[in-house]
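Only one structure is covered here, and it is reproduced in the block below.
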Amino acid sequence: MSQKPRISKGTRDFSPSEVGKREYIFSIMKKVFGKYGFQPIETPSFELSETLLGKYGEEGDRLIFRILNSGDKMLKADIDALKNRNLNRFSNSISEKALRYDLTVPFARYVVQHQNDITFPFKRYQIQPVWRADRPQHGRYQEFYQCDIDVVGSDSLLYEIECIQIFDEVLSKLGLPGFTIKINNRKVLNGIAEVSGESDRLTDIVTAIDKLDKIGVEGVVEELNKRDISQSCIEMIKPLFGLKGTNKERLGQMSDFLADSEIGMKGLQELSFLFDIMKHTPIQKGRLEFDVCLARGLNYYTGAIFEVLVDDVKMGSICGGGRYDDLTSLFGLKGVSGVGISFGADRIYDVLNELKLFPDTVVNNLSYLFLNFGEEEFVKCFELSNKLREKGIPCEIYPVSTKIQKQMKYANERNAQNVLMIGSSELENQQITIKSMESGEQKTMAIDEFLSQL
RNA sequence: GUGGUUGUAGCUCAGUAGGUUAGAGCGCCUGAUUGUGGUUCAGGAGGUCGUGGGUUCGAGACCCAUCUUCCACCCCA
């Protein structure tokens, strides 16, 4: 009985060229992260449910993949809870583990659990897949990679600066011609809420403003109305949506607006510091931009927030991040401030693909293919293949002595750069024929000469 | 989670109003070409029409369920 091959909703296979491209992205990231002193960690693909549940809000809990208990543990199923439609209780009775939903919460757990072994400030990066039971859409999957870097245990603004440097360096190294690094500060948003007399409605204001890109000024106003924000407040913050001028000018306008808010002014101070320091740093392809309307949905941010947009490509943000003050307190460790950023691997992949920025070498990794002309010839090729591999040159031998036409076709499809031929005449004269698959040219030379020119 | 949308050969898609044996292009295999690929020509293989029910004398087409795809919302990378 054969069955139709299928893969689960929202997942993808990655073929050799795709993995090659992805690894290329990761390798550049890792190199840059390492240069700034970040070290890799990994956490398990699944955690105890209690570690994850309740950390992402009600909406988030719904999207966490849960792992069904197996064996006798199934007997713990709380049938009464099911009958009473108490689904939370029922699912807890049949599941005690869940797939990782993001890298931040497991990281917080890790920091608290290993607090005595860690030297603070602790700088780590983590590149692993995460899972969400979301409904798939273009660019949204149920399994995808996250690349996070975080520093915990210091509230120094130095680390905000490093985040900006890393954004710039990674994305420039990947070849992006231009991108905007948007910066804002939650304290500024706090100040806005405070000044406009709605400080207890911060979350509502933030989620509404966050949609500005998508729904425009009128949309945001409507959204604020829907959320019962007072008219006077709306009128007051509306002008902020259209701030003009340089970063410095905009900061100036904001400082007029926030003059009466201590926290707001603190946020502006932090931002000014960042922009001042960045003057002393060579920045490559990125462009720093202060955007008061940048909000980011996540609620745990308390200081700087970041988002990166690529120029001239229709795509949402490819990176994001920010400062959070109390993430580890969820697991009982208080007073540990952190700042972290995340690279959207899938989106970056799509952008590089669209802009054709992947180098050829990422995909064409087979330098030489030996054709197979028979047993004796094969032995010679085998010897030579070892020598090429000693030099780190990727090569392969065609496995059987079949029609040359077929072997050439294989070379073509494998994207081999060159074909090596040792037939009876070459064997007799200790020679080798090299054919370039791109130009079609070929030449015959002594085997020793071939080896010495590699 | 809410509303909509899609599914026919390996891929992209035709298939009229429900009516014989479900088609095309590309790809694949074989040969023209036993030491030369990406071009050409000739031939060939490949489909339980997503799955399960139902309506009908008869279903790829109509109805229901389910899975999947894509889209909008919620949310998010």
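Everything numeric in this text was worked out from a predicted model, so none of it was measured. Naming convention: chains lettered A, B, ... in sequence-line order (proteins, then strands); numbering from 1 in each chain.
Between A:Y110 and A:F331, the distance from one ring center to the other does not fall under 6.0 angstrom. Aromatic rings of A:F450 and A:Y368 (six-membered ring for Trp) have centroids within the 6.0 Å cut-off, being under it. Ring to ring, A:F343 and A:F167 are close: their centroids are under 6.0 angstrom apart.
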Check your understanding: Which parts of nucleotides 33-38 of chain B does protein reach within less than 4.0 Å, heavy atoms only, written one letter per nucleotide 5' to 3' as B for base, S for sugar-phosphate only and - for none?
Key -> B-BBBB
Can you give me the N/O atom pairs linking the protein to nucleotides 42-45 of chain B at distances under 3.5 Å, or say none if there are none?
none

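By the neighbour-count criterion of 12 heavy atoms within 6.0 Å, atom CZ of A:F241 is densely surrounded, having more than that number from other residues, nucleotides or ligands.
The residue among A:S8 and A:R347 whose nearest nucleotide of RNA chain B lies closer to the 5′ end is A:S8. Toward the 5′ end of RNA chain B lies the nearest nucleotide of A:R62, the other residue of the pair A:R62 and A:T11 mapping further downstream.
Residues A:K123 and A:F33 are not in side-chain contact: their nearest non-hydrogen atoms beyond the backbone lie 4.5 Å or more apart.
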Exercise for review: Map every base of RNA chain B to its dot-bracket character, where paired means a Watson-Crick or G-U wobble contact with both distances under 3.5 Å and | marks a partner outside the strand.
Suggested key: ((((..(..((((.....[...)))).(((((.......))))).....(((((..]....))))))..))))....
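Ring geometry for A:Y324 against A:Y301 counts as tilted: the plane angle lies between 30° and 60°, on a 0 to 90° scale.
Under 3.5 Å, the side chain of A:R135 and the base of B:U2 form at least one donor-acceptor pair of N or O atoms.
At the heavy-atom level, A:G139 lies under 4.0 Å from base atoms of the strands shown.
The nucleotide whose nearest atom lies closest to any side-chain atom of A:K9 is, among B:A72, B:C74, B:U69, B:U69.
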